[in-house]
Each structure stands twice: as C-alpha cells, then as structure tokens.
Student: 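First the structure, which I've put down as structure tokens, then a few questions once you've had a look.
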Amino acid sequence: MIPQIKQIIHNALSSLVEIPVDDIEIEIPTEESFGDIATPIAMKLAKVLKKAPHKIAEDILNKINEKDIFSKVEIAGPGYINFSFSEKFLSNELIKLLKNKKDYFFEDIGKGQKILIEFVSANPTGPLHLGHGRGAALGEALFNLLKFNGYSVEKEYYINDAGRQVNLLGSSVLARYKQLKGLNVKMPQDGYHGNYIVDIAKEFLESGLTEEEMTDHAYKKILSDIKNVLSDFGIFFHHWQSEKALYLQNYVSSAIEELKKKQLIYLKDGAYWFKSTFFGDDKDRVVIKSDGEYTYFASDIAYHKKKIERGYNELINIWGADHHGYIPRIEAVIEAFGYPKDKLRILLVQMVSLLRNGVPVSMSKRTGEFITLKEIADEIGVDTTKFLFLTRRHDSHIEIDIELAKKQSHDNPVYYVQYAHARIKSIFKKFFETAAQKESNIFLTSLNSFNYNLEELRLIKKALLYKMTLANATKSCEPHRITFYLQELASLFHNYYQKFRVLTEDELLTKGRLALCEAIGIVLNHGLEILNVRAPDKM
RNA sequence: GCCCCCUUAGCUCAGUAGGAUAGAGCACAGGUUUCCUAAACCUGGUGCCGCAGGUUCAAUUCCUGCAGGGGGCACCA
C-alpha cells in the first residue's frame, strides 16, 4: 500500500524533479480530519525547486488522478498533501489481506541476505538474570522480524567455557564440596557464592566424579539449566559456539598470527598488544598476557573472524549496556581483518532494575542475592515478562516492580492484546456453531457490495498499516514498535466490539463484519507471533 | 578526568530516521452488562518535551555547552 502511494507521488513528481522513490516520505497525520496519509514532500522540495511549497503541492496534486484509490486529495497547512482512501480501495485491500493472510504484510527488505544474531551468551557460571531475559526477548523478536521480511537469519549463543570465570566456578564448587565433606576450606577470592553452587556440590558428593572432572560438569550442568529456562521462554538457538572449541581448533592462535602478519600486534612489557588505536579505539588491547595466557579478547577476535568467514552479510550482537566500552575494540577487529565496520551491528540492551513494592532488589552476583529470570517468569508469567521487555526501546532503562506486575495482571498490556484476539476467536466459534459453511473465506464474495461504516474503515486502515509498522520495526531493529502498534489495534477493536454486534440477523452485515474481524485476527496473531507471545483462542 | 546511554503528564514510557493543535498506559473521579467473553467500553486534565545557545521556512527530533540520573573506562570476563 505505502510503496504504491510512493510510486504515485513519484510519478506525479517526475516532470518537476527526479528524486528516488524511497526519499518520498509518507506519514500518518496526527488528526483524522487531515486524511489517512500525508506527505511533506512539497515542503522538502521548496528549497531545491525555489518555489513556494503550496505551489509545488498544487503541481503535484494536478498530476494525481487516482479516483479509484483516493476519495480526496488536498493541500493543507504549510504545504502538506493529504490523501484519503476511497472505500473501494480499502475494501479491495481488505480482500487481498484475507486472501493472502499474513503474506499480505510481507515486504522483501532482506532480499535473502544472511544475518547472524548472537544474543544472551551468558557465562555458564550461574543462572540467567533479568538482563539476559531482556536480551533474549529482543533477540528472538528481532529474529522473527528479520526472517519475516526476507532475511535469512540464524541465532547463536556464544559459550564462555574457557578461562578464568569458568575456573573460578570450578574452584567455588570444589570449595563447597570440601566443606560438605566437613573440611575447613575457604571460598576462593571472587568466587561464586550463590546457593546453586552448593546444590551442584551436593550432586558431586553422590556422583563419584573426581575433582578434576568437576569444573566441566559444573558448567555443563549450569548450561543445561540455562537451555531449559530459555526453552521455557520459547527461545531456541541454531548454534551454540563454544569458546573452548575455538582454542582446541586453533582458531585463536591462527587469528592472532594473522594479525601479527598484518603488523597489528606488537610486543610490549612482555605482553602482546593489538593496535586497536589504529582503528579509533582509546588504547591498545592485550591479547596475550606476559604470563603467556590469552586474554578473553583474544578468543573474541577469533570468534568474530570466524563468524564473518561463515558467510554472513551482517552480524548482529546483542549486548548488555555494561559492555559498551567493548564496542570500539571489536569494531577494530572487524576492520583489521579487512571488513567494513558496519558489517557488525551491536545493539545494547539497557539495564533492568527490579523493585519489589518500590524497594530496589539487589542484583549482586557476588553475594548470590539475585533474582533469576526463571523466578520472575514463574511469578509474573512468561508472556508478561517477554511483553514487558518489549514495551521499551532496547536502549532505555526498564524498571519492573514485581508486585506491581503481578497486581496489574488484569489490566496488563499483554492480556489486553491477547484478549482482543480471544474475543475474535470466540465470535468465530459462535458463528460456526450455527453456520452452514465452515470455511471462513465464504464472505469474500459478498465484500464487493458491502459498505463499511466509519469505525470499520478506521479498523481496516489500521490493519493495513501493520505492513508499514513491520517494515519500520525491521529496518530499525526495534520490535517494540510492534508492541505499541498491537496495543493501539487492540484498543480500536475493543472499542468497536463494544459498540457493534458482529453476529446479527442480517447475513450480509454479519459476513462483512466477520471479514473485518478475520483481518484483525490475522494481524493480532502475527504481531504476537513476532513478539514470541501466545495468541490464545480463549481466555 | 575520558567515553556511552537516558532526561517528554503525578508514575512508567511512546513519539514513525526535523514538519500540522506532542500521545498511550497506570493512578484518580464518575458511568456502561436481558445481547458475539466486563481481562472490555465511555466521560473527565494536566505538559517552559531537563536548561541555554545554534542550524532551518520549520526543532521534542539535528549540533554545541551545561545540569541531573545510570553504566563503562584491567596483562578480569
């Protein structure tokens, strides 16, 4: 619909000036009386054409002759061109939507380009917390969006199963294990103090495993718990990349060697440094410490090199905002291997702060006093948790009050949207109980002669705009736009539902309204699917 | 000290890659159900869009400075 409008404006402009179709902006007017869509193009062109915006708008308007599509085109304000859709056009589009279902909303933005989204990637040293959950919700929704609009997308979890943190986990478990055996052993410095460490140690008491095997088993146990929580969350990964494997397969050493050959690594104070300043970083970064050990950054170099070499057009990393200082050095890595910096897109997910009755809940890993993702999901529900995460832009802080989230469960935004869907399903259930035909597309034929009222036309327009919302959310990597759109659509529908009856004595009227409901249902269902939230048939 | 993010209604937040009279939910007050689910609907009203400059025909949106909040600045991960 929108591309079609852009093309019409483009054609009208062709004799005046040559500009790319995509530069023609379309917006939804703030006031319904201003029409359905508008373009400020005349104002934009005023400078280039050295003519008054109003005059340009008139020239454009004179060239537009699309009586079938528009019922009204007019110039308003400082030079807007406002378009109102004809009823005929809207009902034709509605028919197309009903025929093609969700494919109606498809726009080939990706054109088959391959994208890898890496997210969560929490260290397997403890349970997932809320920040991971937010990253998970965003990553999954983004995956759905990109996939729907023509990208070939895969999801990956990077497992930090090598290095200091995992060793620390091992020694923490070992200390608890010995304590359980009655030995007077202290926890290691900066060790993990959570209760789950004690639980794992208890399992070892009965397992008969040797102390050497402990570290491996500890992180594998935690990793499998993480997978379970993610699975309950409805999130799955195509790839699980192990950091340790990168070492074992010599990816790390060869990546560092390659940088040495490029003279981007030098020796200073007994350590090897990567010249990230050459690519704009604040300071150079150590890749091999003076004790001969690789740093975490070294394996990250290898990891990102490998990801690119696997043939993706674009890499997306979803990181916690506390990693933002890491961005310049990773971008430096990308450039060091000869790729453009924008091959990698890093989305930072801001902090989630947790309150209980207005009191901040401590999130410290050190003390073990932190609320896990699982606990929150158990308490307020998986759908609510995901939906809440996606009602904010990813780079803005979220504050969640557990008690409030539970209390609000009845006027919670997620129920509001789901309820609209359930209501539609319920109407159809009722209809099919008495209807002769059992297929929902029976009303397509009668639509040509059906006249929708004002509220219905408003709903149709909103449903059709879903395509634009999807496209914008995809291009900007902002799934929260879908969340807001769904709430608006649900609101319109609830309002309509209250005011008009769908199932009536009048067969034509009933079918016309059922067609509308079907369309709204398709949109709600698809939107929730993108957000990875259930669309229930009844509530 | 340096870097990043945030600052919009009482609260939590949207604001479509400058545009028309800046929006929603919650909270607060009142009302709606013989009828497809009241987890719903309707009616009430608020804003120096943090502050000060700048660019522009047009700035909540872009630029600079300042203030406040959060985060980050290891031969840790």
Side-chain angles (χ1 to χ4, degrees), chain A residues 25-31 34 38 40 43-44 46-47 52-53 76-80 82 123 125 160 162-166 168 190 243 268-273 282-283 285-297 299-300 320-328 348 350-351 353 388 391-393 395-401 404 408-416 418-420 422-431 433 465 468-469 471-473 475-476 478 480-481 483-485 487-488 490-491 493-504 510 513-514 517 538-539:
Chain A
E25 285 173 48
I26 297 287
E27 50 187 59
I28 311 303
T30 47
E31 286 259 348
F34 293 156
M43 290 179 279
K44 289 255 167 8
K47 202 162 205 177
Y80 280 100
N82 294 340
N123 284 356
T125 52
N160 297 120
R164 184 169 175 269
Q165 295 304 317
V166 170
L168 206 51
D190 298 331
E243 180 187 3
K268 192 185 96 184
D269 302 335
Y272 286 92
W273 300 70
D282 291 350
K283 51 185 102 170
R285 309 290 172 176
V286 171
V287 289
I288 304 175
K289 295 185 271 182
S290 51
D291 64 4
E293 292 273 316
Y294 286 108
T295 60
Y296 171 85
F297 181 48
S299 51
D300 248 6
D322 53 340
H323 283 69
H324 88 265
Y326 215 78
I327 295 175
L348 291 181
Q350 276 295 342
M351 298 289 116
S353 47
L388 279 179
T391 49
R392 303 280 186 280
R393 232 177 34 240
D395 57 356
S396 93
H397 294 248
I398 295 188
E399 201 170 76
I400 294 180
D401 191 308
L404 222 57
Q408 284 178 354
S409 65
H410 283 277
D411 34 24
N412 198 309
V414 67
Y415 291 115
Y416 187 77
Q418 287 179 322
Y419 187 48
R423 273 184 152 175
I424 290 170
K425 287 293 170 185
S426 172
I427 294 170
F428 276 97
K429 187 168 174 257
K430 184 101 178 174
F431 172 72
E433 276 169 10
L465 279 177
M468 189 174 90
T469 307
N472 287 337
K475 287 176 192 162
S476 60
E478 293 181 341
H480 77 278
R481 295 187 188 196
T483 316
F484 280 89
Y485 168 87
Q487 291 182 68
E488 288 161 15
S491 172
F493 177 75
H494 284 309
N495 174 298
Y496 174 75
Y497 180 94
Q498 202 75 22
K499 207 164 168 184
F500 301 96
R501 260 192 82 77
V502 175
L503 303 179
T504 62
T510 300
R513 290 182 172 173
L514 278 173
C517 288
K538 63 176 178 190
M539 289 173 73

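Note on naming: letters A, B, ... go to the chains in the order of the sequence lines (proteins, then strands), and numbering restarts at 1 for each one.
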Student: Hey, is the side chain of Thr295(A) pairing donor to acceptor with the base of rC75(B) inside 3.5 Å?
Tutor: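 For Thr295(A), whose side chain was compared with the base of rC75(B), there is no donor-acceptor pair (under 3.5 Å).
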
Student: Nearest whole Å is fine: how far is rC26(B) P from Leu388(A) CG?
Tutor: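 Checked: the CG to P distance equals 14 Å.
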
Student: Tell me what Lys283(A) touches on the nucleic acid: a base, only sugar-phosphate, or nothing, going by heavy atoms under 4.0 Å.
Tutor: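 The answer is sugar-phosphate, as Lys283(A) gets under 4.0 Å only of primed atoms, P, OP1 or OP2.
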
Student: What is the distance, to the nearest angstrom, from the CD1 atom on Ile28(A) to the C1' atom on rG15(B)?
Tutor: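 Rounded to the whole Å, the gap is 13 Å.
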
Student: Please give the distance between the P atoms of rA59(B) and rU55(B) as a whole number of Å.
Tutor: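 Nearest-Å result for rA59(B) against rU55(B) at atom P: 12 Å.
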
Student: For the side chain of His494(A), counting heavy atoms from C-beta on, which of rC73(B), rC41(B), rA17(B) is nearest?
Tutor: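 Closest nucleotide among those given: rC41(B).
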
Student: With a 3.5 angstrom cut-off on both distances, give the Watson-Crick or G-U wobble partner of rA39(B), or none if there isn't one.
Tutor: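 By the stated definition (distances under 3.5 Å), nothing pairs with rA39(B).
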
Student: Please work out if Asp291(A) contacts a base, only the sugar-phosphate, or nothing of the nucleic acid, heavy-atom cut-off 4.0 Å.
Tutor: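 If one applies the 4.0 Å heavy-atom cut-off, Asp291(A) turns out to touch nothing in the nucleic acid.
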
Student: Can you check the Tyr415(A) OH to rA40(B) P distance for me, whole Å?
Tutor: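 Taking atom P of rA40(B) as the reference, OH of Tyr415(A) is at 12 Å.
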
Student: Contact class for Arg501(A) (heavy atom, under 4.0 Å): base, sugar-phosphate, or nothing?
Tutor: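 Base, at least one base atom sits under 4.0 Å.
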
Student: Using Watson-Crick or G-U wobble geometry with both distances below 3.5 Å, tell me the partner of rG23(B), or none.
Tutor: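 Because both required distances fall under 3.5 Å, rG23(B) counts as paired with rC13(B).
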
Student: Is rA52(B) paired to anything, Watson-Crick or G-U wobble with both distances less than 3.5 Å, and if yes, which nucleotide?
Tutor: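 Checking every strand shown, rA52(B) finds its partner in rU64(B), with both distances under 3.5 Å.
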
Student: So, Ser426(A) side chain and Ala422(A) main chain: donor-acceptor pair closer than 3.5 Å or not?
Tutor: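 Such a contact is absent between Ser426(A) side chain and Ala422(A) backbone.
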
Student: Could you tell me the separation between the CZ atom of Arg285(A) and the C1' atom of rA74(B), rounded to a whole number of Å?
Tutor: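 Nearest whole value for this atom pair: 9 Å.
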
Student: Looking at the side chain of Asp395(A), which of rU12(B), rC6(B), rC41(B) is the nearest nucleotide?
Tutor: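 When the side chain of Asp395(A) is considered, rC6(B) is the closest of rU12(B), rC6(B), rC41(B).
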
Student: Round to a whole Å and report the spacing from CG of Asn495(A) to P of rG25(B).
Tutor: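 Whole-Å distance recorded here is 12 Å.
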
Student: Nearest whole Å is fine: how far is rU16(B) P from Glu488(A) CD?
Tutor: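 Roughly 12 Å, once rounded to whole Å.
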
Student: Does any donor-acceptor pair link the side chain of Asn82(A) with the base of rA20(B) at a separation under 3.5 Å?
Tutor: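 Pair found.
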
Student: Using only modelled atom types and a 3.5 angstrom limit, is any donor from either the side chain of His324(A) or the base of rG72(B) paired with an acceptor on the other?
Tutor: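 There is none.
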
Student: Under a 3.5 Å threshold, yes or no: a donor from one side chain and an acceptor from the other, between Tyr272(A) and Arg285(A)?
Tutor: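 The criterion, which ignores hydrogens and geometry beyond distance, is not satisfied for Arg285(A) and Tyr272(A).
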
Student: With both distances kept under 3.5 Å, what pairs with rG18(B), Watson-Crick or G-U wobble?
Tutor: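 WC or wobble partner does not exist here.
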
Student: Evaluate the ring planes of Tyr326(A) and His323(A), with Trp represented by its six-membered ring, and classify them as parallel (under 30°), tilted (30 to 60°) or perpendicular (over 60°).
Tutor: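 Tyr326(A) vs His323(A) ring planes: perpendicular.
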
Student: Is Phe34(A) stacked against the base of rA20(B), taking the criterion as centroid distance under 5.5 angstrom and interplanar angle under 30°?
Tutor: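 Stacked: centres under 5.5 Å apart, planes under 30°.
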
Student: Rounded to the Å, how far apart are Gln487(A) CD and rC41(B) C1'?
Tutor: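 Roughly 17 Å, once rounded to whole Å.
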
Student: Return the value, rounded to whole Å, for the distance between atom CG of Asp401(A) and atom P of rA27(B).
Tutor: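 Atom CG in Asp401(A) sits about 13 Å away from atom P in rA27(B).
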
Student: Taking any heavy-atom pair under 4.0 Å as a contact, classify Ala271(A): base, sugar-phosphate, or nothing.
Tutor: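 Base contact.
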
Student: Check for me whether Arg164(A) meets the cation-pi criterion with Tyr296(A), that is, NZ or CZ under 6.0 Å from the six-membered ring centre and within 45 degrees of the ring axis.
Tutor: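 Judged by the rule (NZ or CZ under 6.0 Å from the ring centre, within 45° of its axis), Arg164(A) is not positioned above Tyr296(A).
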
Student: What's the closest nucleotide to the Arg164(A) side chain, out of rC76(B), rC13(B), rU16(B)?
Tutor: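 Of the options given, the side chain of Arg164(A) lies nearest rC76(B).
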
Student: Strictly by Watson-Crick or wobble contacts shorter than 3.5 Å, is anything paired with rG44(B), and which nucleotide is it?
Tutor: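 Base partner found: rC28(B).
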
Student: Expressed as a whole number of Å, how far does the C1' atom of rA9(B) sit from that of rG23(B)?
Tutor: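 My reading of the C1' atoms in rA9(B) and rG23(B) gives 10 Å.
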
Student: With P as the reference atom in both, quote the distance from rC62(B) to rU16(B) in angstrom, rounded to an integer.
Tutor: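 The same atom, P, in both gives a distance of 10 Å.
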
Student: Give a yes or no on whether a salt bridge exists between Glu478(A) and Arg481(A), defined as a side-chain N under 4.0 angstrom from a carboxylate O.
Tutor: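 Salt bridge between Glu478(A) and Arg481(A), a charged N being under 4.0 Å from a carboxylate O: yes.
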
Student: Can a side chain N or O of Thr30(A) be found less than 4.0 Å away from OP1 or OP2 on rU16(B)?
Tutor: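 Result: no.
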
Student: Does any N or O in the side chain of Ser290(A) come within less than 3.5 Å of the main-chain N or O of Ala271(A), such that one atom is a donor and the other an acceptor?
Tutor: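 Flag not set: sc Ser290(A) to bb Ala271(A) has no pair under 3.5 Å.
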
Student: When you compare rC73(B) with rU56(B), how far apart are their C1' atoms, in angstrom units rounded to a whole number?
Tutor: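 Pairwise C1' distance, rC73(B) against rU56(B), rounds to 38 Å.
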
